[in-house]
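Have a look at the structure below, then the notes.
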There are 2 protein chains.
Amino acid sequence: MKKIMDFADVKACPEQFVLALNDTLNVLTGKWKLPILGSLLFGIKRFTDIQKNIPKITPRMLSKELKDLELNGMVKRVVYDSTPVLIEYELTDSAKKLSDVIDSMLNWGLDHRKAVMVG
Amino acid sequence: MKKIMDFADVKACPEQFVLALNDTLNVLTGKWKLPILGSLLFGIKRFTDIQKNIPKITPRMLSKELKDLELNGMVKRVVYDSTPVLIEYELTDSAKKLSDVIDSMLNWGLDHRKAVMVG
DNA sequence: CAGTATCCAACAGGATACTG
DNA sequence: CAGTATCCTGTTGGATACTG
C-alpha cells in the first residue's frame, strides 16, 4: 500500500490529493450509497431487486443515488432492448476495488471501538 | 491488512461491522472534520491556531466539530490552569491511526480518477 | 483567547401519489 | 417494471454579533 508521503509531489501539488480524497468520500457518504454498492457486490441487479434488498429505501432515493453513482463511474446501467425493456445495474471495476478501502475503514472502526471502550 | 471475510463472525453477527464502518464514516464526513484532523496531524494546536490553519471556518463550526471529535475519541482537549487559561487540542492515538484509512482512500481515489478519465 | 447566541439558507432525505 | 412529480421535514452549515 502506497502511503501519502510516498508521493513525491504531495507538497508541490496538494490539490489533486484533496480532490482524490473527496472523490472517495463522496462515493461513500450519504444514507444509501454503501447499501446500494453492497447489494450490487453480490451481482448484477435490476431496480426492483435492489429495492427489495434495501428495506425502506424509496424509489425516489434509489433512482437519485443510482444516477449519482453512475455519474461518478461506480455503476453501469445496461438497457436491453427487449419488450418489455430490461434494465440492469452492475458495479464498475473501480467500484469493486472499493472493498480495499472498506476493509481498512472496517479495521480502523473495530480498533477504535475497542480503544474508546477502555479509554 | 485483515479483510472483512477473514472475520469468522461477519455473517453470524453483521451489526458490529455495520457500526464500525459507520463510526469510521462519521469521523470523516462533513465539511470540516478532515481539515481539522489534518491540522492537528502537524502537532498540538490551540483553538485560534486551527482557525488560522483552515481558511473560512467560523468559530461556531470549529467549536462544534471539535466537541464532536472529542466526544468520538478523536481529539483530546487539555486545559492548563494558568492565567489566562490555556487550552490545547491534540489527536488521540486512535485518530493518528486514521492515516492508514486515509492512505487507502487516497490510493483508491487516485486510481479511480485515472479509470474515469479513460473510461 | 476561546468560544456562545441568534438567525437564516441550502440541501439531504422522507411520504405519497402518479406514469409510460 | 422502472422510475417521476410534489410537497414537506430535519440537519448542515453560514453570517454576524457578542462574552468571560
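Side chains included, hydrogens not; waters and symmetry mates left out as well; all remaining heavy atoms used. Order of the sequence lines fixes the chain letters, A, B, ..., with proteins taken first and strands second; residue numbering starts at 1 for each chain. Note that the structure is a prediction, hence the values are computed from the model and not measured.
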Query - Phosphate contact (dG3(C) OP1 or OP2) by Y89(B) side-chain N/O below 4.0 Å - result: yes
Nearest of [options] to any side-chain atom of [X]?
X      : options                   : result
M61(B) : dT16(D), dG13(D), dT16(C) : dG13(D)
P59(A) : dA2(D), dA5(C), dG3(D)    : dG3(D)
K67(A) : dG3(D), dA2(D), dT4(D)    : dT4(D)
T58(A) : dT16(C), dG3(C), dA2(C)   : dT16(C)
K31(A) : dG13(D), dG14(C), dA2(C)  : dG14(C)
R77(B) : dT6(C), dG3(C), dA2(D)    : dG3(C)
W32(A) : dT16(C), dA5(C), dG13(C)  : dG13(C)
F47(B) : dG13(D), dA2(D), dA2(C)   : dA2(C)
E65(B) : dG13(D), dG3(D), dA2(C)   : dG13(D)

Please determine whether residues [X] and [Y] belong to a single hydrophobic cluster, defined as Ile, Leu, Val, Met, Phe, Trp and Tyr linked transitively by side-chain heavy-atom distances below 4.5 Å.
X       : Y       : answer
V27(B)  : L19(B)  : no
V116(B) : M105(B) : no
I87(A)  : V75(A)  : yes
L69(A)  : V78(A)  : no
L91(B)  : V79(B)  : yes

Nearest whole angstrom, please: distance from the [atom2] of [N] to the [atom1] of [X].
X      : N       : atom1 : atom2 : answer
L86(A) : dG3(D)  : CG    : C1'   : 14 Å
N53(A) : dA2(D)  : CG    : P     : 13 Å
I36(B) : dG13(D) : CD1   : P     : 10 Å
N26(A) : dA12(C) : CG    : P     : 11 Å
E70(B) : dA2(C)  : CD    : P     : 14 Å
D68(B) : dG13(D) : CG    : C1'   : 14 Å
I87(B) : dG20(D) : CD1   : P     : 16 Å
I50(A) : dG3(D)  : CD1   : P     : 9 Å

Could you please name the partner base of [N], counting Watson-Crick and G-U wobble pairs only when both distances are under 3.5 Å?
N       : value
dC8(C)  : dG13(D)
dG20(D) : dC1(C)
dC7(D)  : dG14(C)

**Report entry** Donor-acceptor pair (no angle test) under 3.5 Å: R60(A) side chain, dG3(D) base
**Finding:**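 Side chain to base: no pair below 3.5 Å.
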Query raised in the report: Closest heavy-atom contact between H112(B) and S94(A)?
Result: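 What the structure gives for the nearest pair is ND1-OG, 2.5 Å.
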Query raised in the report: With a 4.0 Å cut-off on heavy atoms, is R46(A) in touch with a base, just the backbone sugar-phosphate, or nothing at all?
Result: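 Contact class for R46(A): sugar-phosphate only.
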